Amino acid sequence: MSAPTGSPGASITPVVVRLKLSLLRNGLRQSAGRRAAYVASAVLVLLFAALQLIGLIALRDNAHAGSVTVLLVGVLALGWAVMPLFFPSGDETLDPTRLVMLPLRPRPLVRALLLASLVGIGPLFTLCMLIGSVVAVAHGVAAYVVSVLAVPLGLLVCVALARAVATANIRLLTSRRGRDLAVLSGLVIAIGAQVVNFGAQRLGSAGLGQLDPFGDVLSWVPPSSAVGAVDAVSEGSYGVGAARLALSALALAGLLFFWSRSLTRLMTSPDGSTLQAAEPARDRTRSAGLGRLLPPGRTGTIMERSLRYVWRDPKTKAAWVTSLAIGLIVPVFNALQGTGSVYFACFASGMLGILMYNQFGQDTSAFWMVAMTIASSRDAYVELRGRALALLVITLPYATLVTVLTTALLGDWPALPEVLGLSFALLGAMLATGAWSSARFPYSIPQEGYKNVAPGQAGLAWISIFGGMVAAALLCVPVIALTIWLNVTANGDDWTWLLLPLGTAYGAGTTFLGLRLAAPRTAARLPEILTAVSKG
C-alpha cells in the first residue's frame, strides 16, 4: 500500500510534475490567442528539430562530424544557461521562492523539479539534437551502448544547468534589474544572429575543418563531453570515452549539489527588501558626483535626468544598448570579413542619432512635470538642448571610437578625417530632425511588455523615425557631395582632411538651427505632446 502524499516516505516528484502540467494547461486556457501561439511555436520548433535531426544524420561518416556535434551541444548548453536570465517568466516553476512556505527538503525538491523540467518543448528539442548528434558520430556496438548513457546525461546536464543558474539568480530575475535583462534579450538575439552569420560565412569559405580546434577543446567540456565520449569510443579510444563520460557525470553531480545549496540558502535566508536604508545616501552621493561633471543650472539638470533615464529606465536602456551594439557590429564585422568600407563607420552615428527621435515619448505620463517647466520658446529650447547634449556626451566619443577602430581594421588611415567629418555631420542632422520630429510626431512608449509603440500610434512612429531619417540624409547632401567631389578630383585627396572641421562645424550648425526651429513648435504643442505620450 503506497504512503499518503503528506507522509514522510511519500515522493513529491509526481505532485511537482502534475503541477507543471497543470500550469501549462491552465496557461493555455486563458485565451485562444495564447493557445494558437503555443501550438504554432511548438510546430515550428518541432519542424526545425526534425530538419536538424535529418541534417545531423546526413552528417554521418563526415570527417568533421565530431567537431560539429560537440559544438552544437555546447551552443545548446549555453542557451540553456542564459535563457532563464532573459525569460524568467516563461516557466512558473523556475521560481522556487513560491515554495518557501512549504515543508520541503532541498534534495527531494531538486529531484522533483529536475524531472518536471523535462516536460516542455525545450527539452524535447534538446533531446532531438542529442539523438541526432550521437547518431552522426556513433559507429559500432560499443558506441551505441555509450550513447544510451550519453543522451540522457547530456539532457540532464542542460536542464540542471538552467535550474542552477535560475535559482542562483532568482532574486535578480524578480527585481527591476531582472526586467531590464528581459528587455535586453532582443539585443542578445541580434548580436547572436550577427555572430552566427559571420561564422557561417567563414565556414562557407574555408570548410568545416576550421571547427576541429574548437571541437577538440569542447569534447572535454560537459555536456559536449558526453557526445565526445561516443565519438572517442567509435574511434576505439575507450579510455578517453570513459573519461569524457565521467566528466559529464561529475558535472551533473556538481550542478545538482550547487542547485541544492542555492535552494537551501534561498529558502532559509531573508531577502534584502528591508536592507535598503542606506540607498538614499548613496543616491545623493552619486547625484553630487554626476552633477559636478555637468554644466550648472537648468541645462545640467536636464542632462542628468536624461542620463539617468539611460541607466534606470528599461526601455531607454534597451534602446541605447541595442544602438551601441549594432552601431559597432555592422562596421566591425564587415571590416573583419574584408568586404566592408571605412564609410560603414557612419552607421554608429546613424544608430545613436535615432535616439533623438521621440524624446518626449520616453517620459510617458511623467512628461507633465517637464511640461510645467516650459512656459516659452526659450524654455523649450533649453529643454531640447539639454537632451541633445546628454546624447552627445555618449555619442561623440563612441562614434569617434568606432570610426578609428574600423579605419584600423581596414588600414585606410588617410580616410579617417573625412569619415569622422561625415559622421559628425550626420549626427548633427539627426539631432536637428529628431528635435523637430519629437515635437511634431510624438508617440507613447508602453512601459510593460516588449512593444515600443502604443496601439494606434504605429503610423506616427513610422513618420517620426523614417521621415526624420530621410530629412537628415537630405541635410547631409552638401557634405556628401563635397566628399565625393574631393575623392574624384585630381589632387583632391590632399584636401580631404578639411572635411573633419567642415563636417564638425556643419553638424554643430545644423543641430543649433534644428533646436531653434523645434523650440517654438514644442512650446506651442505642449498639450498635444502630453496627450500623445501619455497613451501608453
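All values below were derived from every heavy atom in this structure, side-chain atoms included, with hydrogens, water molecules and symmetry-related copies excluded. Every value quoted in this text rests on a predicted model; they were computed, and no experiment measured them.
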(message) Any heavy-atom pair between the side chains of V135 and L56 that's under 4.5 Å?
(response) no
(message) For the CZ atom of R111 and the CD1 atom of I12, what is their distance to the nearest 0.5 Å?
(response) 7.5 Å
(request) Rounded to the nearest 0.5 Å, what's the gap from CE on M351 to CD1 on I326? Could you check? (result) 4.5 Å
(request) For residues C128 and Q52, determine if any side-chain heavy atom of one lies less than 4.5 Å from a side-chain heavy atom of the other. (result) no
(request) For a side chain to side chain contact (heavy atoms under 4.5 Å, CB included) with V342, tell me which candidate from L409, L410, T403 qualifies. (result) L410
(message) Please give me the minimum heavy-atom distance between L153 and A249, naming the atom from each residue.
(response) CD2-N, 3.7 Å
(request) Test side-chain contact (heavy atoms from CB on, under 4.5 Å) on Y443 and I465 and set out the steps. (result) CA-CA 11 Å; Y443 58 90; I465 296 176; 3.5 Å; yes
(message) So which atom in Y398 and which in S323 form the shortest heavy-atom distance, rounded to 0.1 Å?
(response) OH-O, 4.3 Å
(request) Could you tell me whether R60 atom CZ has more than 12 heavy atoms of other residues or ligands within 6.0 Å of it? (result) yes
(message) I want to check something: taking the side chain as every heavy atom from C-beta on, are Y144 and H139 in contact at a cut-off of under 4.5 Å?
(response) no
(request) Calculate, to the nearest 0.5 Å, the distance between atoms CG and OG belonging to L255 and S260 respectively. (result) 12.5 Å
(request) For the residue pair L53 and F48, establish whether any side-chain heavy-atom pair is separated by less than 4.5 Å. (result) no
(request) For the residue pair L114 and R163, establish whether any side-chain heavy-atom pair is separated by less than 4.5 Å. (result) no
(request) Enter the distance from T406:OG1 to N334:CG here, rounded to the nearest 0.5 Å. (result) 9.5 Å
(request) Quickly, which of L130, V134, V157 forms a side chain to side chain contact (heavy atoms under 4.5 Å, CB included) with V73? Name it, please. (result) L130
(request) Looking only at non-hydrogen atoms, find the nearest pair between A138 and S147 and report the distance. (result) CB-OG, 4.1 Å
(message) Restricting to non-hydrogen atoms, name the atom on L391 and the atom on L352 that form the minimum distance, rounded to 0.1 Å.
(response) CD1-O, 3.8 Å
(request) For S234 and A143, work out which heavy atoms get closest and say how close. (result) OG-CB, 3.2 Å
(message) Main chain of A226, side chain of S248: is a donor-acceptor contact present, judged purely on distance under 3.5 Å?
(response) yes
(message) Return the OG1 to CG distance between T316 and L307, rounded to the nearest 0.5 Å.
(response) 11.5 Å
(message) Is there a side-chain contact between Y238 and V146 in this structure, where contact means two heavy atoms from C-beta onward sitting under 4.5 Å apart?
(response) no
(request) Take T264 and W259, measure what side-chain contact (heavy atoms from CB on, under 4.5 Å) needs, and give me the verdict at the end. (result) CA-CA 9 Å; T264 302; W259 184 11; over 6 Å; no
(request) Kindly compute the distance separating CD1 (I121) from CG (L46), expressed to the nearest 0.5 Å. (result) 6.5 Å
(message) Quick check: closest heavy atoms across Q359 and D363, and the distance to 0.1 Å?
(response) O-OD1, 4.1 Å
(request) Apply side-chain contact (heavy atoms from CB on, under 4.5 Å) to L149 and L245, showing your working. (result) CA-CA 8 Å; L149 298 175; L245 200 63; 4.1 Å; yes
(request) Kindly determine whether V151 and L155 satisfy side-chain contact (heavy atoms from CB on, under 4.5 Å), including the steps that lead there. (result) CA-CA 6 Å; V151 170; L155 178 60; 5.7 Å; no
(request) Determine whether L328 and F333 make a side-chain contact, defined as any pair of heavy atoms from C-beta on separated by less than 4.5 Å. (result) no
(message) Would you say that S219 contacts R244 through its side chain, given a criterion of any heavy-atom pair below 4.5 Å between the two side chains?
(response) yes
